[in-house]
Amino acid sequence: MDSYDHKSIEKKWQDKWESDGMYCADENSTKPKKYVLDMFPYPSGEGLHLGHVENYTATCIYSRYLRMKGFNVMHPIGWDAFGLPAENYAIKTGIHPDQSTHQNIKNFIAQMKGLGFSSDWTREIDTSSPEYYRWTQWFFLLLYKNGLAYKKKAKVNWCESCKTGLANEQAQGGLCERCKNTVIQKDLEQWFFKITDYADDLINDLDKVDWPSSTVAQQRNWIGRSEGVEFSMSIDGTDTSIAVYTTRIDTVFGMTYVVLAPEHPLVETLLSAVKNKSEVEGYIQASTKKTELERTELAKEKTGVVLEGILAINPFTKKPVPVFLGDYVLGNYGTGAVMAVPAHDERDFEFAKKYNLSIVPVIDGFDGSEAYIKDGTLINSGEFSGMLSEEAREKMASWLLSEESGFKKVNYRLRDWLISRQRYWGAPIPVIYCTMCGEVPVPEKDLPVLLPKDVDFHPTGESPLRQSKSFHEVLCPKCGMKATRESDTMDTFVCSSWYYFRFADPKNDKEFASREKIEKWLPVDMYMGGAEHAVLHLMYARFFTKVLKKLDYIDFDEPFLKVCHQGMILASDGRKMSKSLGNVINPNELVEKFGADTLRLHEMFLGPLEDMKAWNSDTIIGPRRFLERAWKLKNKLQQTTDNEQQENQKLDTILHKTIKKVTDDIESFSFNTAISAMMMLINEMEKAPVVSSEHYEIFLKLLAPFAPHISEELWSAVGNTESIHLSPWPVFDGTKIVESEVTIAIQVNGKMRDTIVVPADAEEDVIKGMALARPAVAKWVDGKDIKKVIVVKGKIINIVVGETPL
RNA sequence: GCUGGAGUGGCGGAAUUGGUAUACGCGCCAGUCUUAGGAACUGGUACCGCAAGGUUUGGGGGUUCGAGUCCCCCCUCCAGCACCA
């Protein structure tokens with residue numbers, strides 16, 4: 001018989017599936033829907049890498065399985081096409097991003113089709129197309145109208161290399177998310193989305209979703225809810241006061257000084273009264289020069305300067321304490337000022353030691369060697385002494401409230417989302433500035449605000465769009481006078497915050513998606529993509545969904561019911577694959593040599609989907625052999641006689657066990673074990689005297705989601721005319737799984753000594769008798785005192801013996 | 001430091017509610033067929049031991065008839081956050 005030639009088979013079926021429109025989601029179907037989504041790719045010039053293949057194979061398997069199970073599956077694909085790399089490429093080569101992006105998309109499509117991914121190509125979207133970004137701009141206006149988009153001057157993260165502002169989430173650890181350069185703080189007027197309004201919902205609703213625990217934890221940490229007290233301290237001899245925020249109001253009697261962030265707005269006011277003015281000014285200057293990285297990660301040594309002549313009054317003790325500036329206090333968290341309790345806070349302790357400030361313990365347990373930060377019994381705290389921390393916090397907060405000098409306060413580390421980018425390749429922010437009318441949003445009817453082409457992309461720190469006269473110089477939509485257009489573009493994460501709605505209704509030119517279509521398809525049932533988006537895309541998208549819910553566009557509040565992350569695929573040396581290391585494996589070559597089916601199987605067989613895995617090109621031969629054997633098995637199909645069918649009882653049991661195993665494993669995304677179960681099945685089928693075509697077809701169906709081409713080919717070769725991918729998923733027969741005989745292990749004192757085969761329904765006494773009759777058991781039991789026998793039906797018998805004192 | 005996760009053969013990794021640890025695959029060893037094979041097939045392969053047997057799931061305790069799995073302590077590794085008061 002012919003040999004397994006993956007090249008001709010794979011091409012043949014890919015073309016057929018495409019012309020048949022096999023994987024298009026059906027708008028009119030009455031079947032229950034499933035929305036299976038991948039984090040859509042950025043179409044980079046490098047093309048698909050092994051991580052993409054892993055991601056899309058997993059969702060492809062799941063989608064194909066669900067279709068066979070009888071679901072109406074939507075499994076769309078699109079392009080997250082705006083972004084820095086295309087622009088940087090344009091700067092280097094002079095090729096317009098629009099052109100290079102489209103070339104890259106073509107390449108991606110060819111690669112994805114070559115891997116047999118069952119995407120619905122009729123719903124393809126491209127965030128850089130005007131038909132799409134028109135609605136991205138519409139979302140901006142929606143947020144603007146509802147007070148959720150605002151412009152303000154603020155210290156923002158600024159990447160000197162990318163020459164643009166960045167959101168907090170994109171400047172983690174003080175490094176630019178894109179280029180890993182150090183981020184500095186710059187005073188700029190920028191647009192923000194008020195994601196902080198949704199901080200509580202974003203935390204609380206995490207309980208509603210089925211997400212990886214680490215991702216949920218990361219979002220919780222990032223949002224960083226903390227409950228405490230804000231209170232004000234009057235400044236001695238003035239009518240001004242300093243507000244401070246603390247979660248440990250129970251330690252307030254131990255406050256020995258106050259620290260303000262160097263950028264605290266009050267500093268300027270106080271400066272006139274400060275005696276060491278020039279010293280203070282010098283400190284402020286030095287600390288603003290520091291990068292975020294220097295202030296945080298590297299700032300092990302705390303620095304500060306006292307404001308001589310300034311004293312703040314502790315409202316509880318009425319005693320004055322000195323006031324410092326210190327850049328270990330962050331200007332943009334809480335009130336930008338803290339009460340310092342060195343006895344019970346590590347940072348304050350360190351600072352107090354360095355500047356020789358007094359340390360007053362107010363929680364029992366402080367021994368002077370280090371800060372005692374645990375809760376405990378209050379001491380030296382006036383009327384609050386003797387209380388436990390928790391009680392004291394309540395009582396003190398009430399006291400402050402009654403004195404009208406403080407209140408309970410919840411703070412978040414989450415900041416509003418800075419969305420202005422001083423870059424070219426993004427959706428223009430739809431706002432116009434008029435000298436008469438001020439800030440005027442572009443009217444909806446004028447959308448999209450088209451991205452101009454007549455600009456130089458080189459980033460200068462000012463948006464390139466400003467160079468385009470036709471774009472920049474406009475008339476005010478309100479008064480018709482000369483005005484200028486906002487020239488910044490939006491963060492690309494804005495584009496990807498709503499794309500999963502668009503897939504439900506990708507061609508709609510009246511709305512971002514119709515309510516009807518959204519209700520039909522959303523929310524996403526299964527969302528798969530990299531874990532690096534845990535606090536970026538996944539949080540922004542949740543924010544958008546919550547806004548739509550609140551404004552009654554939709555009736556659910558979480559977009560992604562289940563999220564799964566594929567683990568990163570490393571090079572065989574355990575390092576990241578990268579061009580500079582020259583250790584990148586190109587999937588094209590593997591498809592060419594081994595076939596798409598083999599590559600798909602191999603990536604899934606490498607290990608648990610969510611684990612990080614090192615690539616191994618040597619072991620791909622295993623899955624290839626498996627497929628070869630599946631191919632050859634066709635030769636073994638014979639017209640089976642009734643007699644032989646009877647002999648095949650054993651195979652029947654194994655087959656049905658495999659159906660159950662593969663089904664369960666696909667449901668739980670445990671593809672590596674599903675494949676191993678199929679390998680075991682084929683081992684058995686090869687050993688069996690005869691394989692019926694009925695058995696073989698069931699095997700092919702199990703294999704179909706994993707290796708769609710070869711299973712389709714073999715399915716057709718055994719005489720089927722309709723696609724295997726439209727055939728129903730096999731159902732396991734519980735009665736066939738029950739075996740008539742079982743092997744049970746015999747233990748003596750917990751040690752395995754022998755096994756016996758008994759009827760599945762054998763009584764305990766029978767098993768016991770049989771076990772004791774075994775020589776290998778008798779050897780350990782004879783002459784001993786049998787103290788106890790534990791029988792677990794179908795599994796094990798444990799005979800507990802003791803030494804007989806003879 | 002905090003949060004989340006993981007430590008099982010030469011390697012990737014399996015193990016329902018605690019119930020035969022090392023499935024499946026790679027590699028390796030032996031054999032068959034071949035002019036030859038880096039092809040295919042058959043058998044073997046946790047470790048020590050000739051064997052009987054003993055020992056093994058990062059280390060140490062514990063619960064249990066029985067622990068990779070549950071509890072306590074410790075070590076190591078990975079990922080994320082990192083002066084958030």
Side-chain angles (χ1 to χ4, degrees), chain A residues 172-174 212-222 224-226 228 244-249 251 259 295-300 302 326-330 332-341 344-348 350-351 373 411-415 531-532 534-535 565 567-568 572 574 601-602 605-608 610-623 625-626 628-629 632 661 664 670 672-683 686 743-755 779 787-801:
Chain A
Q172 293 183 25
S213 55
S214 65
T215 304
V216 170
Q218 275 186 65
Q219 287 215 358
R220 279 223 169 83
N221 283 347
W222 187 258
R225 187 189 150 96
S226 90
V244 297
Y245 173 74
T246 181
T247 54
R248 290 299 304 273
I249 191 67
T251 64
V259 191
R295 268 186 70 167
T296 58
E297 204 168 54
L298 302 178
K300 296 206 169 77
K302 303 214 175 339
D327 64 10
Y328 77 96
V329 174
L330 306 172
N332 52 3
Y333 181 78
T335 61
V338 300
M339 66 170 207
V341 183
H344 304 294
D345 182 280
E346 285 167 337
R347 296 150 302 186
D348 298 340
E350 194 193 324
F351 192 83
I373 58 171
N411 262 318
Y412 303 89
R413 25 169 308 164
L414 182 69
R415 313 284 157 72
E532 69 275 14
V535 292
H565 303 302
M568 200 190 302
S572 50
L601 273 175
H602 181 52
F605 191 56
L606 227 41
E610 62 282 6
D611 283 11
M612 191 186 277
K613 295 167 281 274
W615 179 255
N616 188 338
S617 288
D618 298 333
T619 53
I620 194 171
I621 191 69
R625 280 179 193 150
F626 166 65
E628 300 262 11
R629 290 161 68 195
K632 281 184 199 153
K661 175 77 177 151
D664 291 348
S670 178
N672 55 331
T673 51
I675 293 168
S676 105
M678 289 189 282
M679 286 172 166
M680 282 156 80
L681 175 60
I682 206 162
N683 288 345
E686 282 178 341
T743 306
I744 69 171
I746 308 168
Q747 294 184 338
V748 179
N749 282 354
K751 276 193 172 35
M752 235 279 283
R753 295 301 182 188
D754 202 2
T755 58
K779 184 175 163 187
K787 296 196 155 163
K788 199 172 180 183
V789 178
I790 292 108
V791 180
V792 180
K793 271 197 179 179
K795 291 218 166 108
I796 206 163
I797 167 169
N798 190 10
I799 301 161
V800 186
V801 299

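These values consider heavy atoms only, across backbone and side chains, with no hydrogens, waters or symmetry-generated copies. Reminder, nothing fancy here: chain letters follow the sequence lines and each chain counts from 1.
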Margin query: Quick check on A:E686: does its CD atom have over 12 non-hydrogen neighbours (other residues, nucleotides or ligands) under 6.0 Å away?
Written below: yes
NA contact type, [X], heavy-atom cut-off 4.0 Å: base, sugar-phosphate, or nothing?
X: A:T755; value: base
X: A:N683; value: sugar-phosphate
X: A:V792; value: base
X: A:P212; value: nothing
X: A:T743; value: base
X: A:D348; value: nothing
X: A:R415; value: base
X: A:N616; value: nothing
X: A:L606; value: sugar-phosphate
X: A:T619; value: sugar-phosphate

side-chain N/O [X] vs [N] OP1/OP2, d < 4.0 Å:
X: A:S213; N: B:G5; value: yes
X: A:R413; N: B:U3; value: no
X: A:K779; N: B:G53; value: yes
X: A:R625; N: B:A40; value: yes
X: A:Y333; N: B:A85; value: yes
X: A:N221; N: B:G80; value: no
X: A:S214; N: B:U3; value: no

If you measure from the [atom1] atom in [N] to the same atom in [M], how many Å do you get, rounded?
N: B:C75; M: B:G61; atom1: C1'; value: 15 Å
N: B:U55; M: B:U3; atom1: P; value: 39 Å
N: B:A36; M: B:U45; atom1: C1'; value: 27 Å

Of A:R248 and A:Q218, the one whose closest nucleotide on RNA chain B sits nearer the 5' end is A:Q218
When A:I797 and A:G224 are each assigned the nearest nucleotide of RNA chain B, the 5'-most assignment goes to A:I797
Between atom [atom1] in [X] and atom [atom2] in [N], what is the gap in whole Å?
X: A:R753; N: B:G19; atom1: CZ; atom2: C1'; value: 17 Å
X: A:W615; N: B:C26; atom1: CH2; atom2: C1'; value: 13 Å
X: A:I796; N: B:A67; atom1: CD1; atom2: P; value: 10 Å
X: A:R220; N: B:C81; atom1: CZ; atom2: P; value: 18 Å
X: A:K751; N: B:U64; atom1: NZ; atom2: P; value: 18 Å
X: A:I373; N: B:C2; atom1: CD1; atom2: C1'; value: 10 Å
X: A:D345; N: B:G1; atom1: CG; atom2: C1'; value: 13 Å
X: A:E350; N: B:C83; atom1: CD; atom2: P; value: 12 Å

Of the listed nucleotides [options], the one nearest the side chain of [X]:
X: A:F605; options: B:G27, B:G25, B:A23; value: B:G25
X: A:T673; options: B:C83, B:G12, B:A15; value: B:A15
X: A:M679; options: B:C65, B:U3, B:G25; value: B:G25
X: A:V338; options: B:A85, B:A40, B:G54; value: B:A85
X: A:K661; options: B:C24, B:A15, B:A85; value: B:A15
X: A:N672; options: B:A14, B:A85, B:G27; value: B:A14

Check your understanding: Given the rule in the side chain to side chain contact (heavy atoms under 4.5 Å, CB included) test, do A:K751 and A:V748 qualify, once you have shown the distances and angles that lead to the verdict?
Key -> CA-CA 5 Å; A:K751 276 193 172 35; A:V748 179; 5.8 Å; no
Its glycosidic angle compared against 90° from 0, B:G9 adopts the form syn
Determine yes or no for a side-chain-to-main-chain donor-acceptor pair under 3.5 angstrom, with [X] supplying the side chain and [Y] the backbone.
X: A:D611; Y: A:G567; value: no
X: A:N749; Y: A:V801; value: yes
X: A:D348; Y: A:V341; value: yes
X: A:H602; Y: A:S617; value: no

Q: Please state whether the base of B:C65 and the side chain of A:K787 form at least one donor-acceptor pair under 3.5 Å?
A: no
*asked:* Between the base of B:U17 and the side chain of A:K795, is there a donor and acceptor pair under 3.5 angstrom?
replied: yes
Between A:T215 and A:H565, is the side chain to side chain contact (heavy atoms under 4.5 Å, CB included) condition met? List the steps. CA-CA 9 Å; A:T215 304; A:H565 303 302; 2.7 Å; yes
For A:H344 and A:I373 the tightest heavy-atom approach is O-CG2, 3.5 Å
So, A:R413 versus A:N221: side-chain donor-acceptor pair below 3.5 Å or not? no
So the stems of RNA chain B, runs of at least three Watson-Crick or G-U pairs (under 3.5 Å), are B:1-7 with B:75-81, B:10-12 with B:24-26, B:27-32 with B:40-45, B:46-48 with B:53-55, B:58-62 with B:70-74
